[in-house]
There are 2 protein chains.
Amino acid sequence: MEKEVIVFRYGHRAYRDERVTSHCCLVARAFGAQKIIIEGPVDKTVKESVDTITDKWGGPFEVVFEPDWRRSLKAIKAQGYRIVHLSMYGLRIQDVSHQLQGFEKVCVVIGSQKVEKEVYAVADHNVSVTTQPHSEIAALTLALDRVFDGKELEKTFSGAKVSIEPQQQGKKLEKV
Amino acid sequence: MEKEVIVFRYGHRAYRDERVTSHCCLVARAFGAQKIIIEGPVDKTVKESVDTITDKWGGPFEVVFEPDWRRSLKAIKAQGYRIVHLSMYGLRIQDVSHQLQGFEKVCVVIGSQKVEKEVYAVADHNVSVTTQPHSEIAALTLALDRVFDGKELEKTFSGAKVSIEPQQQGKKLEKV
């Protein structure tokens, strides 16, 4: 059975975070998640740019906005997802990745600026990637890689209009 | 012997790219590179924010600006570094990661917007992470993880003033 993976982006701020949140969406899609939920009112710039990519490169992948993170995370949890909150302060990912790989339904939570204490409590696992300050995009990338045990790199996308034929040099984009 | 790894950020644009380039710097540091070279004139905002992190969380890690990418990449190559250019169009990283792990000196090149053809030619390896559109921060993260074969997660930093004691819940920051 294919794993069901959702990414939850906590604390998105319109305008200021658009570019970083767009990266998070594209990473979620490319590294095997089926959906990203973004806290806050609908940000059309983010949604349209990501939907355009999904339309061209394939899916399924969904971008959803959710004003109430508490209600949303509780609903996800009630559906049987394990909540994995990425935080610099959590347990080292290399110590828990075996455990993460065992779950069929995972919701990876990534913060932006300051994260409320309650998020740590709602999470089943608070997990750190390197225990150093860096980037929520990087933390998400490595966490998805560990959740899927590297198999996300083999993912194929449905309904793609184009795909890449890998080359040592040059670019080869094929129409599908 | 510890691997010598440099990250080369191609096509940085002042102001517009500051946040994404800062993420690239912090990822380079946290995931085991000793240096990032950024194409373009000195961008004080980026340099100062990253140097502040290195001062507090440890190093060694250096942020350098270089106006002439051709000269810089050629000099790096002459010092025995393998040039690994990350591009959506390159060979799949899962097919070349064994090879990458064999190199003692690696320079990982990440682009921003449009990359000139010549970069593909200067590179010893053009490598793709997922062959899907996403984020140079994510590509860098996964590439460094594969270059170091996961061992970057165990890296310790010299001269750190603080470090994190990993926790299942809460935050524990220790003075070193």
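A, B, ... follow the sequence lines: proteins, then strands. Residue 1 opens every chain.
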What do the steps show when you test A:H23 against B:E136 for side chain to side chain contact (heavy atoms under 4.5 Å, CB included), and what is the final call? CA-CA 9 Å; A:H23 281 235; B:E136 59 270 43; 3.4 Å; yes
Against chain A, label [X] side chain, backbone, both or neither, depending on which of its atoms sit under 4.5 Å from a heavy atom there.
X      : value
B:L140 : neither
B:D17  : both
B:R92  : both
B:A121 : both
B:V20  : side chain

Side-chain heavy-atom pair [X], [Y] within 4.5 angstrom cut-off:
X      : Y      : value
A:N126 : B:Q169 : yes
B:Q167 : A:Y120 : no
A:Q132 : B:K155 : no
B:K172 : A:Y89  : no

First locate atom [atom1] of [X], then atom [atom2] of [Y], and finally report the distance between them rounded to the nearest 0.5 Å.
X      : Y      : atom1 : atom2 : answer
B:L153 : A:I93  : CG    : CD1   : 8.0 Å
B:L173 : A:T131 : CG    : OG1   : 10.5 Å
A:T130 : B:L144 : OG1   : CG    : 11.5 Å

Please report the shortest heavy-atom distance between [X] and [Y], naming the atom on each side.
X      : Y      : answer
A:I137 : B:A138 : CG2-N, 4.2 Å
A:Q168 : B:L91  : N-CD2, 3.6 Å
B:W57  : A:P133 : CD2-CD, 3.5 Å
B:V27  : A:H134 : N-CB, 4.1 Å
B:R146 : A:G150 : NH2-CA, 4.1 Å
B:P166 : A:G90  : CB-O, 3.3 Å

For chain A, the option from B:R29, B:H85, B:E152, B:K56 that forms the most heavy-atom pairs under 4.5 Å: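 Max contact count across the listed options: B:R29.
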Do you know which of B:H125, B:K117, B:E165, B:Q94 has the most heavy-atom pairs with chain A at a distance under 4.5 angstrom?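 Of B:H125, B:K117, B:E165, B:Q94, B:Q94 has the most heavy-atom pairs under 4.5 Å with chain A.
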Walk me through whether B:D145 and A:L142 qualify under side chain to side chain contact (heavy atoms under 4.5 Å, CB included). CA-CA 8 Å; B:D145 181 64; A:L142 202 97; 3.7 Å; yes
Hydrophobic clustering (ILVMFWY, side-chain heavy atoms < 4.5 Å, transitive) - are B:F157 and B:I53 grouped together?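 Different clusters.
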